[in-house]
Amino acid sequence: MDITQLILDDHHEQRRLFAILEQIDRGQTGVLSVIWDRLAAFLELHAQAEEEIFYPELLQVGIAARRAGRVEGETLDAIHDHNEIRDAVAEVARHQVGTDDWYAAVAAANSANSDHMAEEEREGLTDFRRLAGLPRRHELAVAFAAYEARNYAGVQPVDKDPVGYVRAVEQNSRTTANGSLSVGTLKRN
């Protein structure tokens, strides 16, 4: 088991649920509603699991490999993306299920999520596979699976300040290359 594969599996499920929504008749609002509710909860649970388990480790292995700048940027961008996805999900809730506005909001959430997944698959997951050994990826996969299982009913969406998030990881980090992630030098997204 590998955390990068679990994250990819979650991404596949997110894409599948968005595709299901596109294939349901707009008059079946009850079905659209329950599928959307499942997807919205899953998007947040996945984001929280990454923020709790994956990104702190990505930062640590990047620092150890002297790639702090790269993984810092990826993490800042990912937290920013998660906030955009949360905002898009909240926008869907403002519209009556099955209306043109609801579909437009769902499409915007799909777009924000798709952009995030593509970046993460191209950057963070690839870097992590290169920098972290399989035993560590396995250990994190167990923690990730357990986190999602414990919170299967969903978690409360909470936007995070990307720089504040990285600073908190820095303060809680077990090891760093030079004691700092150099967050103060980064511009806010």
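When Leu21, Val34, Ile20 are each tested for a side chain to side chain contact (heavy atoms under 4.5 Å, CB included) with Leu39, only one passes: Leu21.
Two rings, from His82 and Tyr55, have their centers less than 6.0 Å apart.
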(message) Could you walk me through whether Phe54 and Leu6 satisfy the side chain to side chain contact (heavy atoms under 4.5 Å, CB included) test, starting with their C-alpha distance in whole Å, then the side-chain angles of each, then the deciding distance to 0.1 Å, before giving a yes or no?
(response) CA-CA 11 Å; Phe54 178 65; Leu6 290 184; over 6 Å; no
(request) Assess whether side chain to side chain contact (heavy atoms under 4.5 Å, CB included) is satisfied between Asn151 and Gln48, documenting all intermediate values. (result) CA-CA 10 Å; Asn151 295 288; Gln48 289 280 2; over 6 Å; no
(request) Mind running side chain to side chain contact (heavy atoms under 4.5 Å, CB included) on Phe128 and Val71 for me, showing each step along the way? (result) CA-CA 9 Å; Phe128 200 71; Val71 297; over 6 Å; no
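Nearest heavy atom pair, residue Ala65 against residue Leu131, reads CB-CD2, 3.4 Å.
Panel note: side chain Arg137, backbone Ala132; a donor-acceptor pair is recorded below 3.5 Å. In this structure, the side chain of Asp81 does not engage the main chain of Asn113 through any donor-acceptor pair within 3.5 Å.
In this model, a donor atom of one side chain and an acceptor atom of the other lie less than 3.5 Å apart for Gln5 and Asp9.
Residue pairs that meet the salt bridge (Lys or Arg N to Asp or Glu O under 4.0 Å) test with at least one member in residues 149-159, sequence neighbours left out, do not exist here.
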Distance-only donor-acceptor hits, side chain of residues 100-107, under 3.5 Å, sequence neighbours excluded:
residue	atom	partner	partner atom	Å
Asp100	OD1	Arg26	NH1	2.8

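Legend: residues meeting salt bridge (charged side-chain N to carboxylate O under 4.0 Å, His left out) with Glu52, ordered by chain and number and at least two apart, are absent.
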